[in-house]
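In what follows, a structure is listed as structure tokens, so that the remarks can point back to it.
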Amino acid sequence: MKTTWRSASLAAGTVAVLALTTACGSESGTSASSQNVGATAPAGGIAGVGGGYGGVGAGASASASAPAGVGAGTGTDTGAQSTDAGELAISANAELGKILTDSAGKTLYRFDADTAEPPKSNCEGDCATTWPPVSADDISAGDGIDKSLLGETTRPDGSKQLTVGGWPAYYYAKDANPGDTTGQGVGNKWFALAPDGKKAKTESQSALAGLSVRKDPKLGDIVVDKNGMTVYRFLKDKAWPKPVSNCNGACLEKWPVVAPVEANDTEGVQKKGLMSFTRGDGVKQQTVNCSPIYTFTGDKAAGDTNGQGVGGTWYAVAPDGKLVGAPAQ
């Protein structure tokens with residue numbers, strides 16, 4: 001896929017990442033094919049997708065009905081659905097500003113657990129039923145949309161999914177009408193797509209960096225994510241000589257991973273050891289001082305710290321990556 005608008009920043013970012021990752025081992029990458037689709041994509045429908053990771057942050061049951069106009073998939077039996085988006089358009093939303101929609105006015109979304117470099121979807125199985133992938137077929141760019149940002153990535157079943165700025169695009173099954181944005185912020189992982197492929201954000205969300213520091217009245221300075229949600233560490237994880245997460249399966253349903261954050265999108269957080277790594281399930285996760293970090297589904301609003309001390313193994317994270325309030329190790 002062409003990356004004309006990101007080439008300069010990517011080169012600089014690569015140098016920064018290499019410098020940071022030397023402290024705790026190199027990060028293992030993933031591969032995915034992608035190409036620019038320009039005004040239109042090759043013909044051929046997108047099929048359903050196979051089982052796999054993608055349920056974290058879905059926030060809706062797999063039986064939820066798909067958006068109007070979304071046809072049934074024809075590949076595997078996962079129930080995933082997709083449709084040709086036609087001519088993409090820029091729509092004005094009162095809360096989110098400019099967002100990307102399809103020819104029928106349906107909102108397009110992106111998933112924090114995916115990657116844009118290289119473009120890769122990590123939403124399969126039940127996740128892809130709740131969040132149907134947008135087919136790359138017959139796509140065209142409407143007024144104000146940069147055609148060079150539109151591309152495609154090959155899903156595990158061989159079908160082609162639309163990418164915008166490298167990010168795979170999805171619908172949300174609970175969006176019943178054109179202009180609906182009920183998928184915005186679901187699980188702190190799903191966001192409407194801005195025309196440039198970035199996340200559409202409310203004013204309050206835009207005020208926060210990917211990771212920043214908040215002064216809690218009880219815990220002191222703690223790290224929070226882009227939504228102001230408290231970030232936690234798991235005592236059973238490892239940081240050295242390289243990050244290892246021991247939170248898997250049912251654990252991840254309660255403790256979703258924090259997706260990778262660029263070093264220049266942080267405020268007050270120690271830069272040394274600030275890196276992402278690829279988990280055993282293939283998902284990329286952020287670390288602070290090389291320790292994997294998570295949020296807690298029991299925290300319902302920004303500022304909550306309900307995960308603090310849970311099971312004697314989960315603790316908030318200080319700006320230097322240390323555990324806050326944990327017993328001496």
Side-chain angles (χ1 to χ4, degrees), residues 46 54-71 80-114 116 121-123 126-136 139 141-146 149-150 161-208 210 225-229 256 259 295 297 299-302:
I46 185 170
V56 174
S61 67
S63 61
S65 59
V70 176
Q81 298 175 321
S82 66
T83 187
D84 293 340
E87 184 178 71
L88 302 182
I90 298 175
S91 298
N93 180 277
E95 295 184 356
L96 303 176
K98 294 181 178 180
I99 61 174
L100 204 60
T101 61
D102 70 1
S103 58
K106 293 291 184 179
T107 302
L108 273 56
Y109 296 89
R110 50 173 277 182
F111 184 29
D112 274 0
D114 288 348
S121 169
N122 286 305
C123 178
D126 289 346
C127 174
T129 301
T130 302
W131 302 90
V134 178
S135 172
I139 293 293
D143 292 343
I145 298 175
D146 186 349
L149 298 183
L150 305 183
Q161 181 175 1
L162 172 69
T163 62
V164 182
W167 290 97
Y170 305 83
Y171 294 106
Y172 184 40
K174 288 193 173 182
D175 280 351
N177 302 301
D180 284 354
T181 55
T182 58
Q184 176 69 11
V186 168
N188 295 325
K189 297 286 184 182
W190 292 90
F191 298 89
L193 270 165
D196 59 1
K198 295 181 180 179
K199 289 181 267 192
K201 299 180 181 180
T202 62
E203 291 185 3
S204 60
Q205 290 171 327
S206 299
L208 292 176
D225 72 0
K226 59 188 178 298
N227 299 306
M229 305 301 290
T295 53
T297 56
D299 288 344
K300 302 304 181 184

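Heavy-atom basis, side chains included; hydrogens, waters and symmetry copies ignored.
The main-chain N or O of K106 is never found under 3.5 Å from a side-chain atom of D180 such that the two would form a donor-acceptor pair. With hydrogens and angles ignored, the 3.5 Å screen pairs a side-chain donor or acceptor of D102 with a backbone N or O of A104.
No close placement of the W131 and Y171 rings is indicated, their centers lying 6.0 Å or farther apart.
With sequence neighbours excluded, the residues forming a salt bridge (Lys or Arg N to Asp or Glu O under 4.0 Å) with D112 are K199, K226, listed by chain and number. Partners of T181 according to the side-chain contact (heavy atoms from CB on, under 4.5 Å) rule, which considers only residues two or more places apart in sequence or in another chain, are N93, L96, I99, T107, Y109.
Looking at I90 and D143, their side chains never come closer than 4.5 Å, going by heavy atoms from C-beta outward. At a threshold of 4.5 Å between non-hydrogen side-chain atoms, the residues T295 and N227 do not count as touching.
To the nearest 0.5 Å, atom CG of residue L88 and atom CG of residue L149 are 11.0 Å apart. For the atom pair N122 CG and D114 CG, the distance stands at 5.5 Å (nearest 0.5 Å). With values rounded to the nearest 0.5 angstrom, W190 atom CH2 is found 12.5 Å from Q184 atom CD.
Among the candidates L100, V134, I145, D196, the single residue satisfying the side-chain contact (heavy atoms from CB on, under 4.5 Å) test with V164 is L100.
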* Apply side-chain contact (heavy atoms from CB on, under 4.5 Å) to the pair L108 and Y170, showing each step before the final yes or no. => CA-CA 5 Å; L108 273 56; Y170 305 83; over 6 Å; no

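Listed here is the closest heavy atom pair of A128 and P133: O-CD, 3.8 Å. Listed here is the closest heavy atom pair of Q161 and S121: OE1-CB, 3.6 Å. Here the closest heavy-atom approach between residue G165 and residue A116 is recorded as O-CB, 3.9 Å. Listed here is the closest heavy atom pair of F191 and A200: CD2-O, 4.2 Å. Of all non-hydrogen atoms in G197 and W167, the two that sit nearest each other are O-CD1, 3.5 Å. The two atoms that bring S91 and T101 nearest to each other are OG-OG1, 3.1 Å, heavy atoms only.
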